[in-house]
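Below is one structure, written out as structure tokens, with a few remarks after it.
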There are 2 protein chains.
Amino acid sequence: MSNPKHSDNTADAVVPKAVVTRLSLYLRELQTLLRGGTETISSNQLGKVLGFTDAQVRKDLTYFGQFGYPGIGYRCEELIVEIKKILGTDRKWPVALIGVGNLGRALLGYRGFGDQGFQFVAAFDLEPEKIGQSIDRIPVFGLEQLEEIIGQRSIKLAVLAVPAASAQSVADRLVRAGIDGLLNFAPVTIALPSSVSLVGVDLAIELEQLTFAVVKKDDKS
Amino acid sequence: MSNPKHSDNTADAVVPKAVVTRLSLYLRELQTLLRGGTETISSNQLGKVLGFTDAQVRKDLTYFGQFGYPGIGYRCEELIVEIKKILGTDRKWPVALIGVGNLGRALLGYRGFGDQGFQFVAAFDLEPEKIGQSIDRIPVFGLEQLEEIIGQRSIKLAVLAVPAASAQSVADRLVRAGIDGLLNFAPVTIALPSSVSLVGVDLAIELEQLTFAVVKKDDKS
DNA sequence: TAGATTGTTAATCGATTAACAATC
DNA sequence: TAGATTGTTAATCGATTAACAATC
């Protein structure tokens with residue numbers, strides 16, 4: 001039995017961003033495995049399905065503690081709990097959505113968020129017809145209520161699905177309203193104070209990564 | 001000793017994946033700058049808005065050629081053309097969408113794809129009510145027509161927006177149908193032959209990257 | 001010319017992998 | 001015990017940055 005000695009070193013070593021991304025992939029895979037009835041898994045097996053080496057899996061995890069059993073591997077259920085603690089998704093996170101367009105509405109209804117502990121509690125838009133409505137049980141407010149609602153409800157995470165032209169100004173307001181993390185879907189660079197975390201998802205850019213690979217392959221043949 | 005030439009080495013040096021991602025960011029920023037009237041930009045300025053060093057910008061670009069002017073910088077319009085050539089988006093790409101749910105429908109209507117040369121030409125779903133419809137002018141076919149339509153139209157790129165449980169089997173069919181690149185939104189690991197490119201976007205994982213950063217910050221204070 | 005900035009090499013930094021004693 | 005696998009250090013590999021001659 002391993003001694004839980006991972007109390008003090010949690011998060012004081014600088015953890016590479018890539019490690020955190022893989023942590024999320026481990027979590028997702030472990031959840032899939034557990035659903036399928038797998039109880040334990042070795043770093044080698046887990047790495048293989050995700051395309052990583054066993055050493056990498058073990059190294060990544062030891063940034064945060066000792067979670068495995070020599071000779072056995074990792075217990076899926078246990079490791080899931082630990083990774084959720086590390087990522088901070090061992091709790092429920094209320095989330096605000098800004099921009100109730102096509103994409104925004106799809107995000108409001110996306111089941112995958114709820115499964116991982118995220119819950120939209122308020123949406124915001126400029127269009128009068130949308131304000132006052134509820135979409136998938138989430139109330140849509142006018143943009144002018146942004147600061148009020150986010151403050152009241154202590155919302156720390158926001159998802160930006162507004163047009164590129166207004167993304168920066170809305171982001172600025174979100175920061176002033178007290179947001180700590182922003183997931184930006186607008187295809188534009190956003191500048192934020194370094195105290196606020198930013199993740200950007202640009203759908204066209206994802207496709208460009210694909211075309212680059214496809215074109216490169218064609219060049220070779 | 002012979003002089004190694006790097007004039008026609010486009011794409012035979014192995015290009016790190018991170019470089020390609022930054023290339024897309026350069027492109028997006030240059031397009032924004034050009035729209036705003038900027039004609040030339042230095043590696044230092046371009047790096048600054050994106051959070052990179054000037055050396056990194058120049059190094060990334062020289063994987064593919066010499067595009068700048070000493071003493072001046074880069075001409076935005078010119079560099080945009082060059083990066084598009086590199087990424088393969090100097091042409092139009094027909095794209096298939098599989099899974100016409102909330103997210104799928106939002107993607108069909110997403111303007112950002114068209115702006116960068118991507119065009120959905122066919123959507124597929126299992127539900128009979130959806131089949132035969134058109135959404136944003138894109139026809140929805142039954143899944144049984146997948147191979148037929150993709151073959152006929154020589155579609156090389158597909159976007160997967162189906163439930164996690166069916167993602168792998170649909171991916172397998174897409175590969176057999178001749179797809180070269182797959183953008184997967186299903187929150188599950190997909191295994192593909194190495195000849196097919198895969199980019200995965202997991203929306204919950206993106207939020208987890210944010211919570212990790214937020215929780216870590218809280219720990220410190 | 002003086003000032004600015006590129007392209008590129010060499011130095012530095014950081015991340016991944018190999019190896020193995022410890023352990024179950 | 002024999003076999004399997006972890007946690008961790010050291011070695012390797014790769015990516016970023018600094019520096020500067022060349023150039024406009």
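These figures come from a predicted structure and were not determined experimentally. All chains are named by letter (A, B, ...) in the order of the sequence lines, taking the proteins before the strands, and each is independently numbered beginning at 1.
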Any A:S43 side-chain N or O less than 4.0 Å from OP1/OP2 of D:dT6 | yes
Considering only D:dC24, C:dA18, C:dG7, which nucleotide approaches the side chain of B:I72 most closely?
-> D:dC24
Counter-base of C:dT8, judged by Watson-Crick or G-U geometry with both distances under 3.5 Å = D:dA19
Closest nucleotide among C:dA15, D:dT9, D:dT5 to the A:S42 side chain = D:dT5
Please state how far atom CZ in B:R75 lies from atom P in C:dT5, giving the value in whole angstrom units.
-> 13 Å
Look through every strand shown and name the nucleotide pairing with C:dC24 as Watson-Crick or G-U wobble, where both distances are under 3.5 Å.
-> D:dG3
Across the strands shown, which category fits B:F52 at heavy-atom distances under 4.0 angstrom: base, sugar-phosphate, nothing?
-> nothing
Starting from C1' on D:dA19, measure out to CG on B:D54 and report it in whole angstrom.
-> 11 Å
Where the side chain of A:Q56 is concerned, which of C:dT16, C:dA15, D:dT17 is the nearest nucleotide?
-> C:dT16
Distance in Å, B:I98 CD1 paired with B:L174 CG, rounded so as to fall on 0.5 Å steps | 4.5 Å
Is the distance from OP1 or OP2 of C:dG7 to the nearest side-chain N or O of B:T62 less than 4.0 Å?
-> no
Identify the residue among A:Y110, A:W93, A:F113 that makes a ring pair (Phe, Tyr, Trp, His ring centres under 6.0 Å) with A:F120.
-> A:F113
Measure from the side-chain heavy atoms of A:P70 and tell me the nearest of C:dT8, C:dA22, D:dT23.
-> C:dA22
To the nearest angstrom, the OH-C1' distance between A:Y74 and C:dT23 comes to 13 Å
Roughly, in whole Å, what's the span from CG in B:L61 to C1' in D:dT16?
-> 15 Å
Taking all non-hydrogen atoms of both residues into account, name the closest pair between A:T211 and B:T89 and its distance.
-> OG1-CG2, 3.8 Å
Is there a donor in the side chain of B:Q168 and an acceptor in the side chain of B:D172, or the other way round, less than 3.5 Å apart?
-> yes
Report yes if at least one side-chain N or O of A:Q66 is closer than 4.0 Å to OP1 or OP2 of D:dT8; otherwise report no.
-> yes
In whole angstrom, what separates B:F64's CZ from C:dG7's P?
-> 14 Å
For A:L198 against A:I190, the heavy-atom pair lying closest together = CD2-O, 3.6 Å
Which residue, B:K59 or B:N44, contacts DNA chain C at a nucleotide closer to its 5' end, judged by nearest heavy atom?
-> B:N44
Taking CG from B:D60 and C1' from D:dG14, how many angstroms apart are they, rounded to a whole number?
-> 14 Å
Which listed nucleotide (C:dG7, D:dG7, C:dA15) is nearest to the side chain of A:R58?
-> D:dG7
